[in-house]
Amino acid sequence: MKTLTVFSALLAVTAAKKCIVKSDAAVASEAEEVTAELTAPEDSGVESGEDDELLDLSTIDYGDDVDMSTVKKLPADFKWGAATAAYQVEGAWDEEGRGESVWDHFTHLYPKNVESGDRSKDFSTNGNIACDSYHKFDEDVKMLKLMNAKYYRFSISWPRLFPDGQARKVDGKWNVNEKGAEYYDMVINTLLKNDIVPFVTLYHWDLPYALHEKYGGWLDYHSQDDFAKYAEFCFERFGDRVKNWITINEPWVNCVSGYRLGPGKAPYRCTGEAPRKLQNSTDLDLEGGCSYEIGPTQYSKNSEPLPANRVPQKLEDVWCSHNILLGHAKAVKVYREKFQKKQKGLIGITVDGEAQIPWVEPGMTKKEYENNLKYANLAAEFRIGWYSDPPMVGDYPKSVKERMGKDLPEFTEEEKKILKGSSSDFLGWNTYTAHWAAQAKNEDGSYIQPPTAEEANFDNSKKDMWDDNCKGRGDGWTCIPPTLGSQAGSSWNTKFAPTIRVGLNWFSKRYEGLIKNGIVITENGCAQPNYKVARANDEVTKKYFESIGQPKYADTYKEEDIEREDNLEGTLMHDTYRIDWYDQYLKNLRLAYAVDNIDVRGYMAWSLLDNFEWENGYETRFGMTYIDFYNDKEMKRVPKDSLEHLGQWYLENVEQN
Ligand code: GBH
């Protein structure tokens, strides 16, 4: 009874005392051993007796050392494809009646908030041109074909359809920017003609600037109804052909990165100085920093109105999250009541969030490890459940409510009703990276205690929790190794493939019986290590993983694997690190399906194209297709090795009818 797989142990925290890993015939004997160990850790922990009994490191195993020929393939109707988002690829930012989004407005106002390799080019710090998919969509379809995509996930730009953000019918006619709507008609029809199913995101962060100016965007409760109206137009216009809808992409990133951390994501609200002071000077840097340009705002019906052009306030991210979740729920309500019966499509939300891995180290006791398991679940409730519980079960997680106290807005009974089950058709999950989790310690090594009921508030809510993919952080948010997996091409982006399986298991147990058409991985991918963040030959991470008996998860790479812009014939085009990323994550996805019996129905690789990577501009490449943004006016698409590699993966790992 050696193998207690970590992913199953993790979910045992929330699971009942029963079999979690359901065995497939091919791996039956192994799986049964696992099953025998699977009881809630509270039990196994207490039963383990002695406080100082050491954790046997060899019991920790991610179970992905499997001969895949013994494992069933993904089903023929598996939703296989690639993803992009409007602002990151379309360009044509002011063409044919498109309105401004917060991304246009704030990247133009604060160009220094975006990285650039060539600031002499105005378009290098924004999505003005991006991949120019507005004019080159046919070229994108060719790339989709190379990966054997059956689905394409793209997003609709709200301000392209409604420049003032406010969709309404006047004399029975929508006030839509018709040219914008025709563009999406063309995209949808072209996909269908090519046997590719459109998977459409309604909101991927490009809020109409007019709504930010009018009432502070997602901070104001009126955003809920404006979003639902815009969604209604889309269902009415495109729903005869679109059968897969995602309301909101990654509410956490939109709200936490846009309204607290930062300045990373528009509208650059951040609890700091606004705007940022120039280094070595008392002057203000008017081209970079946090923003204070905002309209007057009312968080909820009962909140005090807040004046325009105020500096960022505490809890903006919390209110943004609250309103965006309700906007999602209202859009779903419209779809269910007016369209779904006839159009027969599916609708859901896409959340992001790192699956949480309990921190392990040599010399750790069983008790400490089991405590970290509980913290891994707690961290996941804060990071993911905050956003996935409301649309599944109708409210925030109990832990979040208890620990946030009065700082967390409450849903009314009416709101809970429309939230509950609003993502029961399917749940979208974007997965990239994992975090370690543990109970945080004081300097003297004693545990930091959870907040008491009186202490409960935003600041204290996570005071006893540690979760991160680096052991520590240095200047500019750089990782102090060891990292959880190898360092890919974005500071937060590390390769640890079991995360996808751990997360799928976590969702599946938490929402058992509540998701009708399974979980869809709506994004996964990486940036090949690049000059900015790469850590070749990372000995610290290597030694750490060796010390816990899992050398392969260190996944070190060599200097020559690092992407170099001046070497097209190197790993820029022959993207071996990315290929390995996809191989490992997809293997774990297939194991989740075949061995753990997880209902996972789709996988969209991020991304089809190199594109505008938000605050990283064009300096971080997540694409399977290369574009020379600064020098090539034609924006020629050049497939990288990974694109065709995925095409082959599909043929070999998904049942072909
Ligand atoms: C996706 O989000 C986006 O949907 C997509 O538009 C984007 O291009 C793609 O990723 C690649 O970046 O270290 O605390 O700041 C990615 C999910 C989750 C990744 C939050 C960055 C930052 C955590 N993101 N994470 S932190």
Side-chain angles (χ1 to χ4, degrees), residues 82-90 101 103 114-115 127 130-131 153-155 157 199 201-206 246 248-266 270 317 321 349-356 379-380 382-384 386-387 428-437 462 465-470 472-474 476-480 483-484 487-496 499-500 503 520-528 530 532-533 578 581 604-624:
T84 62
Y87 190 71
Q88 296 181 273
V89 301
E90 280 180 8
S101 73
W103 273 95
V114 178
E115 283 175 40
C131 309
R153 177 179 174 226
F154 65 95
S155 82
S157 158
F199 208 122
T201 312
L202 290 168
Y203 178 77
H204 200 123
W205 312 345
D206 46 357
I246 294 167
I248 302 287
N249 179 67
E250 300 189 349
W252 185 96
V253 174
N254 183 82
C255 294
V256 177
S257 296
Y259 296 81
R260 173 154 62 91
L261 308 172
K265 303 281 192 286
C270 32
D317 55 323
S321 302
I349 194 168
T350 277
V351 297
D352 68 302
E354 301 82 17
Q356 304 286 332
F382 263 75
R383 180 65 177 83
I384 305 173
W386 189 312
Y387 297 90
W429 182 40
N430 292 352
T431 175
Y432 290 86
T433 294
H435 274 189
W436 281 306
K462 293 184 70 175
M465 291 158 64
W466 172 73
D467 72 289
D468 208 337
N469 59 345
C470 311
R473 295 280 177 180
W477 203 240
T478 50
C479 263
I480 298 170
T483 51
L484 184 44
Q487 178 67 57
S490 204
S491 61
W492 52 269
N493 194 208
T494 51
K495 185 201 283 177
F496 184 76
T499 190
I500 194 170
V520 177
I521 302 299
T522 40
E523 283 179 32
N524 173 247
C526 71
Q528 177 89 12
N530 56 31
K532 292 185 298 182
V533 291
R578 180 178 289 109
W581 174 294
M604 312 281 144
W606 185 273
S607 179
L608 181 65
L609 311 170
D610 284 339
N611 57 44
F612 178 70
E613 178 53 16
W614 311 111
E615 61 268 47
N616 300 124
Y618 301 96
E619 295 296 298
T620 300
R621 299 175 175 279
F622 272 84
M624 298 178 287

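Counting starts at 1 for both ligands and their atoms, following the listed order. Hydrogens, waters and symmetry mates play no part in the numbers below; they use all other heavy atoms, side chains included.
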Asker: What protein heavy atom sits nearest atom 14 (O) of ligand 1, and how far off is it?
Answerer: W252 CH2, 4.0 Å
Asker: Compute the centroid of each ring, for W492 and then for Y432, and state whether the two points are separated by less than 6.0 Å.
Answerer: yes
Asker: Under a 4.0 angstrom heavy-atom cut-off, which atoms of ligand 1 come close to V253?
Answerer: 18 (C), 20 (C), 24 (N)
Asker: Go through the side-chain N and O atoms of S157 and Y87 and say whether any donor and acceptor fall under 3.5 Å apart.
Answerer: no
Asker: Could you check atom 20 (C) of ligand 1 against the protein and tell me its nearest heavy-atom contact, residue, atom and distance included?
Answerer: R383 NH2, 3.5 Å
Asker: Side chain, backbone, both or neither: which part of T433 comes within less than 4.0 Å of ligand 1 when only heavy atoms are counted?
Answerer: neither
Asker: Look only at interatomic distance and state if W614 has a nitrogen or oxygen under 3.5 Å from any nitrogen or oxygen of ligand 1.
Answerer: yes
Asker: Considering only the protein, which heavy-atom contact is closest to atom 26 (S) of ligand 1, and what is its distance?
Answerer: W477 NE1, 4.3 Å
Asker: Under 4.0 Å between a side-chain nitrogen and a carboxylate oxygen: does that hold for K265 and E615?
Answerer: yes
Asker: Polar-atom distance check: D352 versus ligand 1, any N or O pair below 3.5 Å?
Answerer: no
Asker: Under 3.5 Å, is there a donor-acceptor pair between the Y203 and N254 side chains?
Answerer: yes
Asker: Does the side chain of T522 pick up a donor-acceptor pair with the side chain of T350 at under 3.5 Å?
Answerer: yes
Asker: Counting heavy atoms only, which of E615, E354, E523 comes nearest to atom 4 (O) of ligand 1?
Answerer: E523
Asker: For W606, take its heavy atoms, then give the atoms of ligand 1 lying under 4.0 Å from any of them.
Answerer: 5 (C), 6 (O), 7 (C), 8 (O), 9 (C), 11 (C)
Asker: Under the side-chain hydrogen bond (donor to acceptor under 3.5 Å, both in side chains) rule, what do W581 and N524 come out as? Steps first, then yes or no, please.
Answerer: CA-CA 9 Å; W581 174 294; N524 173 247; 3.3 Å; yes
Asker: Just need the protein heavy atom nearest to atom 10 (O) of ligand 1, so name the residue and atom and give the distance.
Answerer: Y432 OH, 3.2 Å
Asker: Check each of Y387, Y259, W252, W386 against S321 using the side-chain hydrogen bond (donor to acceptor under 3.5 Å, both in side chains) test, and report the only one that passes.
Answerer: Y387
Asker: What is the nearest protein non-hydrogen atom to atom 8 (O) of ligand 1, stated with its residue, atom name and distance?
Answerer: E613 OE1, 2.7 Å
Asker: Are R153 and N249 close enough that a side-chain donor and a side-chain acceptor fall under 3.5 Å?
Answerer: yes
Asker: For N469 and E354, test the side chains for any donor-to-acceptor distance below 3.5 angstrom and give the result as yes or no.
Answerer: no
Asker: Do any nitrogen or oxygen atoms of E250 lie less than 3.5 angstrom from nitrogen or oxygen atoms of ligand 1?
Answerer: yes
Asker: Can you find an N/O atom of H204 closer than 3.5 Å to an N/O atom of ligand 1?
Answerer: yes
